[in-house]
Structures are given as C-alpha cells and as structure tokens.
Amino acid sequence: MFSYELQQTRRDDLQRQAEEWRLARDAKAARSAERRARRTQARAAVRTDAEGAGATLATPAAAAAGHRGTGRFHRALHPHSAA
C-alpha cells in the first residue's frame, strides 16, 4: 500500500510540474508574440517615415550621383577594420 501512495504522489508531482511548464511556455509565447507585434509595427512606422523623409531630403546632386533617397545609410569601412 505504501508503494502505491508513493507512486501516486510522484505522479501528482510530475503532473503539477508539467502543468507549470505548459503555463510558463504559454506565457513566454504570448510575450514573444506581443514583442513581435510591437517590432513589426515599429519597423513599418520607421520604414514609412524613412521613405517619406528620404524622398524630401534627396538633393539634385545626390540624384545626379545615383544615390537613392530611401533613408538607408551606407557605412564606409574603417581603415583599420578587419575587413
């Protein structure tokens, strides 16, 4: 009888741990989805702002040189960089 009670206690502990793990996993998934939604909205807003600002900041000299006013920066390599 004692071994049966131990087995039941162990099974209950395992079920409780599994339920806690599922709750933690669901909470993490919800936080990730919220963060992904915020990032998507922020990227869309930045992209829209950059396209609008880039079009107004494009100068005739830059257009003649072949640069597009998309709001993206092109970095020059540092002379002492590994690349």
Side-chain angles (χ1 to χ4, degrees):
M1 187 74 169
F2 185 69
S3 62
Y4 175 75
E5 292 170 354
L6 285 177
Q7 181 183 4
Q8 288 295 99
T9 304
R10 178 69 179 147
R11 186 179 67 84
D12 292 342
D13 286 343
L14 289 175
Q15 284 184 341
R16 183 185 48 79
Q17 289 175 356
E19 183 62 27
E20 288 174 358
W21 184 84
R22 278 191 293 271
L23 289 173
R25 182 194 59 192
D26 293 345
K28 182 178 178 181
R31 287 192 305 268
S32 296
E34 290 172 1
R35 187 169 41 251
R36 192 176 307 115
R38 282 195 309 266
R39 286 180 184 168
T40 302
Q41 289 173 352
R43 285 183 186 141
V46 167
R47 194 176 309 123
T48 303
D49 293 344
E51 289 172 356
T56 59
L57 294 176
T59 62
H67 296 288
R68 292 177 288 154
T70 59
R72 297 196 175 153
F73 295 97
H74 299 279
R75 291 187 178 179
L77 292 177
H78 191 274
H80 299 292
S81 68

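What's counted below: heavy atoms across the whole structure, side chains too, no hydrogens, waters or symmetry copies. In this chain, numbering begins with 1 at the start of the sequence shown. Values in this document were obtained by computation on a predicted structure and should not be read as measured data.
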R10 CZ to D12 CG distance, which is reported to the nearest 0.5 Å:
11.0 Å
Do the charged groups of E19 and R22 touch, with an N to O distance under 4.0 Å?
yes
CZ/R25: more than 12 non-hydrogen atoms of other groups inside 6.0 Å
yes
Roughly how far, to the nearest 0.5 Å, is the CG atom of D26 from the CZ atom of R31?
10.5 Å
Residue list, salt bridge (charged side-chain N to carboxylate O under 4.0 Å, His left out) with E5, at least two apart or on another chain
none
